[in-house]
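Proteins get letters first, then strands, A, B, ... in listed order; numbering begins at 1 in each.
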Amino acid sequence: MEHLTLVDGNSVMFRAYYATAYPGAVLMQTSQGVYTNAVFAFVNMMDKILEQTNGHILVAFDTAHPTKRHEKYQEYKAGRAAMPEELAQQIPLVKKYLDKAGIKQHEQIGYEADDIIGTLAKEASQNNIKVDVYSSDRDLLQLVDQNITVHLLKKGMKELDHYTPESLYEKYELTHHQMIDLKALMGDPSDNIPGIPGVGEKTAIKLLKEYETIENLYVHQDEIKGKMGEKIRENKELAYLSKDLVTINVESPLPFSYLETEKIKIETSDLIDFFKELELKQLVVRMANQNQNTLFKDEEKSDKKTDKSFSYDLILNDEKLNDIIFNHQEPMSIHFEFSEPNYHKAELWGIGLSNGENTYFIDPSIALNNQTFLNYLKNKEIEKYTFDYKAIKVFLMWHKKAIHTISFDMLLAAYLIKSSIGKEDFTTITSLFSSIDISYEEQIYGKGAKKGLPENKELYYEHIAKKASVIYKLKDDLLETLKDQNQLELLQKVEIPLSEVLASMEFSGLLVDNKELLNQKEVLEKRINVLEESIYKEAGETFNISSPKQLGDILFEKLNLSQGKKTKTGYSTNVEVLEKLKDEHPIIPYIMEYRQLAKLYSTYIIGISQSIFSDNKVHTIFNQALTTTGRLSSIEPNLQNIPIRTEEGRKIRKIFVAEKNHYLLGADYSQIELRVLADIANVKHLKESFLNNEDIHKSTAQKVFHVTDVTSEQRRQAKAVNFGIIYGIGAWSLAEDIHVSPKEAQMFIDRYLEIYPEIKQYMQDTVEFATENGYVKTLMNRRRYIPEINSKVFMQKEFGKRNAMNAPIQGSAADIIKVAMVDLFKYLEENDKKSKIILQVHDELILEVPEEELEEMKELVPAIMKKAVKLTVSLETSCDVGKNWYELK
DNA sequence: GCATCATGCAA
DNA sequence: TATTGCATGATGC
């Protein structure tokens, strides 16, 4: 043994916790609500420390029991804030991690972690062993000697300061022997060590440079003049008590010696399982990679390993492919592996096929040119199981090929069981539902710019085949769960059919008018240039207007405008702040206009240009398994956030046009979320208003303000409350929104809940349901889990409550339009209509309709939307047509 | 090259 | 200190 590492467990844990627990932060936690942020950061820190160790390591902890220091000084560590519950809960987890990682840990009643570390460090040092100590507590600096280096963690945990006798001298001009005396003289508010009042670091260093020790200082106490001398003489006892308190006991009676600290060899899989339990995916991946690298060293192979317990057959020619299709007419799982997430332009890397017993990797270029295989895909009699059916369907559409009869999709099933899987990959989803061992994508293909097929082909052949086998193996379990949760219909009658609708929409795409696009681009460029000049002129210098930092400096330092809110990195320059400043300086209106135009230019003009395909269309991708509420989302480009609220922005919609001889038809649900609320909460007066076809915001205003004639301001305020209620609003935010005092806002809310008392009841009931069950559900039994609702952190619990109230409303509205889409698509297909659904924007559908079907569709589309779901209030729609999207008002 | 922040667009 | 999203440019590692 030549080296020993000692870690102050409590101190590192504190740092780990507070590195991510700034006020207002959402702490990392598992889906069951177990906090993991400190564990995660602790493991990261330990990983760094372990890189520097040589096999001997120990982590020391404090105990909750009082120590000798408390006996000597009752006030020791008094006044310290209690450890937050979220951190306390994680201590056992950190200890469990250390066990699993084979790292020795120790705590001892009556002693602090400092004492354990000090004793072991000095023992080792006396035997000429090099010691590294890790902590964030400066007290430990007194341990520094020729063999002992102390590393202090800094705030962000990213850097360490290390102290040797030399560096201590450089920093304080004191020897390491004087560190105890330094601390004793200065005191330490965090441990409630008194020190000598009035003596801080500067004075303490000066005194020690002259007198070396506290003892010697008091020998010469009478030489010191002035107030300082008085203080020193008066507080002799405090100084000695402080010295006693800060002195680490380097002779603690430990039940083992420094020699018995060797790291134990461990089963990596245990540790991986532990991280999986805590849903610490990054750590799982890192451990898996480390493990692989070790194996790679052991086996001295030129590549990563393949899994010997998994077998599959390689199908690389037509004969074999014909054979297996001939032999397998039973249901099988099929997986298409793509080179990138955007399947509109992805390459096909491979196909996996499995019936649970036999699993195959099929060469994609063979498959796509093999008629037997293509017939198999489009055979309506043979069931197939997939993971992300829509991707396969769209890819095949681009290649003019078909696939039919998907009776199970693992991605959609997993999403219905747990809507928070949205951003996870195949492997993580698999590990949530089974213990099947399957590599992470990045282990096989690498990540970021380096992503690509590995040189060792077997590696990805196996990976792709394995995915197919996993789909098959998990099918029954997932279906069972869905059945238990009454969600089978949601999968089979809504989500899987919807995949086909969305595939058709994405593949159809939306035509772009290039001339209009270029024209708007030029107009915007010119206007932005002019604005830039005006802004620079007003500012007296050029700077990057798009940089909130630089803009903040100009506005609030150079021009001395009154700053409003701050962000955590500096001044806020958002539109609300600018709005308040707009009369203070002529630069402000220019900046506001610049912001608006720059947004339109970069996000909509440039952004959308980059997504146009060679057919002059944009082909978005609707993510069907992402949002926690059941809504869709749209990417590349996002066609669900095209501007509409300002005329300036709305013009962007002129870019999107119907094909020749076609019209765009837009139909949207009116007030669908309020109608859903009226239905599920059984809100009497709200239902009446809907029944009478009233302007809902107006009638709310009439009731809230006790008036017959509603001013436009009153209507606007009532509308804000109607919206706010759906989101679980608080008085403070409503006040911000409608520019009244929080008191008035609270009054509005109270009045509102008096008028619609069932809403209040609904909210209470929903929160109660979520608290008991951990989830809420929609009309069609879609679930959203809300672990935060049982959090002890106020803000998180409140967030949980708002989600509990909002998710069923937003989610049910999503259910309804999804059903409408499936119904409408089916009608169009069965009746051989040429009209096509091309977009969905949460409560509206946009179709591309040939001229000859226009009149029919104006009737049909709203009709189908209205009767998608039967509620106790009617669903109403409005409908518009135009040659471009702008004309759909 | 990648992650994070501030900002702003939609329902 | 209102719900759900996505894309952007700037910035820092």
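- Atom name P, nucleotides dT1(C) and dC5(B): the rounded distance is 16 Å, in whole Å.
- Residue contacts shown for I729(A) include a base, since a base heavy atom lies under 4.0 Å away.
- Ring geometry for F723(A) against Y727(A) counts as tilted: the plane angle lies between 30° and 60°, on a 0 to 90° scale.
- I809(A) comes within 4.0 angstrom of no nucleic acid atom, judged by non-hydrogen atoms across all strands.
- As a whole-Å value, the separation of Y727(A) OH from dG5(C) C1' is 11 Å.
- Using cut-offs of 30° and 60° on the angle between ring planes, the pair H344(A) and F613(A) is perpendicular.
- Of the candidates dT1(C), dT4(C), dT8(C), the closest approach to any side-chain atom of R631(A) belongs to dT4(C).
- Distance from the side chain of F799(A) is smallest for dT3(C) among the nucleotides dA11(B), dA2(C), dT3(C).
- For dT4(C), neither phosphate oxygen OP1 nor OP2 lies less than 4.0 angstrom from any side-chain nitrogen or oxygen of T629(A).
- Contact annotation: T628(A) reaches the phosphate of dG5(C) (side-chain N/O to OP1 or OP2, under 4.0 Å).
- Considering only the side chain of V575(A), dG8(B) comes nearest among dA10(C), dG8(B), dC2(B).
- Side-chain N/O atoms of Q550(A) include one lying less than 4.0 angstrom from OP1 or OP2 on dT11(C).
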